[in-house]
Number of protein chains: 2
Amino acid sequence: MATIKDVAALARVSIATVSNVMAGVPRVSPATRRRVEAAIEQLGYRPNHVARSLKSRRTRAIGMVISDITNPFFPEMVRGAEDAALARGYLLSTFNTGDLPEREKQIFAMLESRRTDGLLVVTALKRGEHPHVAAALSSGVPVVCLDRRPQDLAVDTVTVDNAAGVELAVDHLVERGFRSIAYLGGGLGMYVAPERLAGYRRAMRRARLPLIEFRGDFRRESGYQAGSKILALRPRPEALVAANILMAAGFLEAVAEAGLEVPRDIALATFDNVAILRGFRPHLTCVEQPTYRMGYDGANLLIDRLEQVTPHSGPVHLVLPCKLVVGDSTQPCRVLRGRALASAPGVAASLES
Amino acid sequence: MATIKDVAALARVSIATVSNVMAGVPRVSPATRRRVEAAIEQLGYRPNHVARSLKSRRTRAIGMVISDITNPFFPEMVRGAEDAALARGYLLSTFNTGDLPEREKQIFAMLESRRTDGLLVVTALKRGEHPHVAAALSSGVPVVCLDRRPQDLAVDTVTVDNAAGVELAVDHLVERGFRSIAYLGGGLGMYVAPERLAGYRRAMRRARLPLIEFRGDFRRESGYQAGSKILALRPRPEALVAANILMAAGFLEAVAEAGLEVPRDIALATFDNVAILRGFRPHLTCVEQPTYRMGYDGANLLIDRLEQVTPHSGPVHLVLPCKLVVGDSTQPCRVLRGRALASAPGVAASLES
DNA sequence: TTTAGTTTGTGAAACGTTTCAATTATGATA
DNA sequence: TATCATAATTGAAACGTTTCACAAACTAAA
């Protein structure tokens, strides 16, 4: 592979001149520039980015640390981050921690020894447990946290308005006439969980409805288990709001196992949307997060920091809105229609009570 | 950030000695070794991998080029590749080409200038169009192609037995008594398409059933469009085998739009499985590919090449088997039950005919 | 005490760039 | 033609490692 020396020799100039041509500095005569460019072309020369990084002490590489690309929540976000990074000439490497501390340690060590310029992290950890993120931060490596916001760290974040998102779902259900609306949340250590729960509580309080809360851990299995309990309640809740799609999917399994159906026997709304689900039943009513944008904006924010586009100031917190996508999983169910008939002026009336 | 010089100074040895300690060479006295290790520990020294790469001319980095991580087919494969790479101390960076030639060019240029040691590629291109892969190969960078096998390139590959996979699905349908079984294939330029089509034809010929072929392009939209045509056929086929899950999903939309249902009105089997779909209806009968393994084995094969574990020989082709996962989308449908009643000894008889 | 052999440790070059001070070439002006 | 200003070019150091030939310090045998 040709080096800058080969180019210099062929063009009969010094390597400094070649470097200047590559960098586009103007103090090179047109004639020399042409000669150098011809040599570059002829040799198929590509500057060695490794050497460049060593000298400049900047790798133009950013690392993205997530828990598992296999979780359908992540691919869009990774894609967004990559698009932004590539557009600005940065290399993005993604790492799956699998939530294993040992592996996470290995990954951060690798990131450090490779002198990655900045980090995009979706932390899976609980409050107060960010040894690696904190270490990176204190050693001067910029970090942007996506999706989840560690309150104990002074770090830039890009998140969504989780509370407002759940409120959209609950309001929608209330509007459709549902009154006993249960909520299946995730473990409170996970940052987004308390916010989503708060959204549920706020919307329910506003509608003067009683809280029916269950707690899972954001994984499919917990949705299935909570599902059995929820379906066994008497009276059975008319609707469920799940805090993420994995739990919603688990819940659906419990529903099928009980010989029931969504939305006939119970309505379901959930956080997260997944493209592949279009065409499958039930078509879920969901709170769609701008995951692509989170990745895209996060990467841009990070690169701005790296290039000091913004003068150093306190941490920036971007909060993006969610959007409600109405499917048929929240169509008025049997119980509801019965109630509508019983009360005089129809569904609307039951809302006021 | 501490360098090897700092460590050497603190331990009062030469940098060569520190390097020897790091490399674990035995020509260092225990006393010195301890002194150096203490210094490393005290300074939190981490060798600069960039400098190391420059000197050794090896980056221990591999690039993975796919079309779009957002396609649910890829995450497992990427995960497998990352697991293998990390276990052997390699960095994996994944790139989405989006099937855009311009972007692909940019990506390969980046990979080259960063001196990535080897490449894992799932080529989206058609026969004879692999300028970048061919260039990498001829410049001595090992490449392993996953999932699709470019016949025109002497390159290692890890693929699945596509024909056998489709046969599994068709055989299953035949066994269940279906007789008019349509096939929705993908564009023939895509390598896997002809193999899958061949599997369909072989299985149908074996069962002495007539071919009913449609062609899409592996994208959702084409499944939807082909769906309308398939459903309009008279008599309507009893079953459809889709060549990938995106087209199957598109087909399902067409089914819903026509006011029909799977499997009541038509059975459906497809290539690919996607975890999130568990719990949703219909629960598809599918040909599951070992995508994780493809990534895992591919990365290991590539690293073996990089480290010359295997003496250089001709290209290696790993072919992994697929597995049939039976869901309820291929349960005998209405027409079928009717036919079973008509013929004397039940469904089994109709198979013999 | 030499001599030879074995451990242990080190100096310096090299990897391929960037960068800056210094040098040389080129014109313009006196 | 000599002088000066400006433009163009270059030499060399530096980035942080690895590696190899060599040097120094021991040890064991003669």
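Since the model is a prediction, treat every value here as computed from it, not as a measurement. Just so it is clear: chains get the letters A, B, ... in the order the sequence lines come, proteins before strands, and each one is counted from 1.
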Checklist entry - Between B/Arg57 and C/dG16, does any side-chain N or O lie under 4.0 Å from OP1 or OP2? => result yes
Checklist entry - Does a side-chain N-to-carboxylate-O contact under 4.0 Å join A/Arg88 and A/Asp304? => result yes
Checklist entry - Would a 4.5 Å heavy-atom cut-off, applied to side chains only, mark A/Gln151 and A/Tyr191 as touching? => result yes
Item to check | B/Ser29 side chain, from C-beta outward: closest of D/dG16, C/dG9, D/dT9 | outcome: C/dG9
Item to check | Residue-phosphate contact under 4.0 Å: B/Ser19 side-chain N/O, D/dT17 OP1/OP2 | outcome: no
Next on the checklist: Rounded to whole Å, please give me the gap between CZ in B/Arg12 and P in C/dG9.
Outcome noted: 15 Å
Checklist entry - Under 4.0 Å between a side-chain N or O of A/Ser53 and OP1 or OP2 of D/dC15? => result no
Item to check | Presence of A/Arg46 side-chain N/O under 4.0 Å of C/dG16 phosphate oxygens OP1/OP2 | outcome: no
Checklist outcome for this item: Atom NE2 of A/His49 and atom P of C/dG16 are separated, to the nearest Å, by 16 Å
Next on the checklist: Quick check on DNA chain C: between A/Pro47 and B/Ser14, whose nearest nucleotide comes earlier from the 5' end?
Outcome noted: B/Ser14
Next on the checklist: Can you identify which nucleotide, out of D/dG11, C/dC15, C/dT10, has its nearest atom closest to the B/Asn20 side chain?
Outcome noted: C/dT10
Checklist entry - How would you label the contact of B/Thr17 with the nucleic acid (heavy atoms, under 4.0 Å): base, sugar-phosphate, or nothing? => result base
Next on the checklist: I need the NZ-C1' distance between B/Lys5 and D/dC15, as an integer number of Å.
Outcome noted: 9 Å
Next on the checklist: Tell me whether the side-chain N/O atoms of A/Thr3 come closer than 4.0 Å to OP1 or OP2 in C/dG16.
Outcome noted: no
Checklist outcome for this item: From the candidates D/dG11, C/dT10, D/dA8, the one with an atom nearest any side-chain atom of A/Thr32 is D/dA8
Checklist entry - Taking CZ from B/Arg115 and C1' from C/dT17, how many angstroms apart are they, rounded to a whole number? => result 11 Å
Next on the checklist: For a quick check of understanding: with a heavy-atom distance under 4.0 Å over all strands, which category does B/Val13 fall into, base, sugar-phosphate or nothing?
Outcome noted: sugar-phosphate
Checklist outcome for this item: When rounded to whole Å, the CZ to P distance for the pair B/Arg60 and D/dT17 reads 17 Å
Item to check | Atom-to-atom span, CG of B/Asp6 to C1' of D/dC15 - whole angstrom | outcome: 13 Å
Checklist entry - Looking at the side chain of B/Arg52, which of D/dT17, C/dT17, C/dG16 is the nearest nucleotide? => result D/dT17
Checklist entry - Atom NZ of A/Lys55 and atom P of D/dA12: how far apart are they, to the nearest Å? => result 16 Å
Next on the checklist: Could you measure the distance from the CG atom of A/Asn300 to the CD atom of A/Glu307? Nearest 0.5 Å is fine.
Outcome noted: 10.0 Å
Checklist entry - Across the strands shown, which category fits B/Arg27 at heavy-atom distances under 4.0 angstrom: base, sugar-phosphate, nothing? => result base
Checklist entry - Does the B/Arg57 side chain pair with the main chain of B/Arg115, one donor and one acceptor, at a distance under 3.5 Å? => result no
Checklist outcome for this item: Whole-Å distance, A/Asn48 CG to D/dC15 P, equals 18 Å
Next on the checklist: Determine whether a donor-acceptor pair (N or O, by modelled atom type, separation under 3.5 Å) exists between the side chain of A/Asp117 and the backbone of A/Thr59.
Outcome noted: yes
Item to check | Residue met sooner reading DNA chain C from 5', once B/Val28 and A/Ala51 are mapped to nucleotides | outcome: B/Val28
Checklist entry - Are any side-chain N or O atoms of A/Asp147 and backbone N or O atoms of A/Val122, one a donor and one an acceptor, separated by less than 3.5 Å? => result no
Item to check | First encountered from the 5' end of DNA chain D, between A/Arg35 and A/Ile15 | outcome: A/Arg35
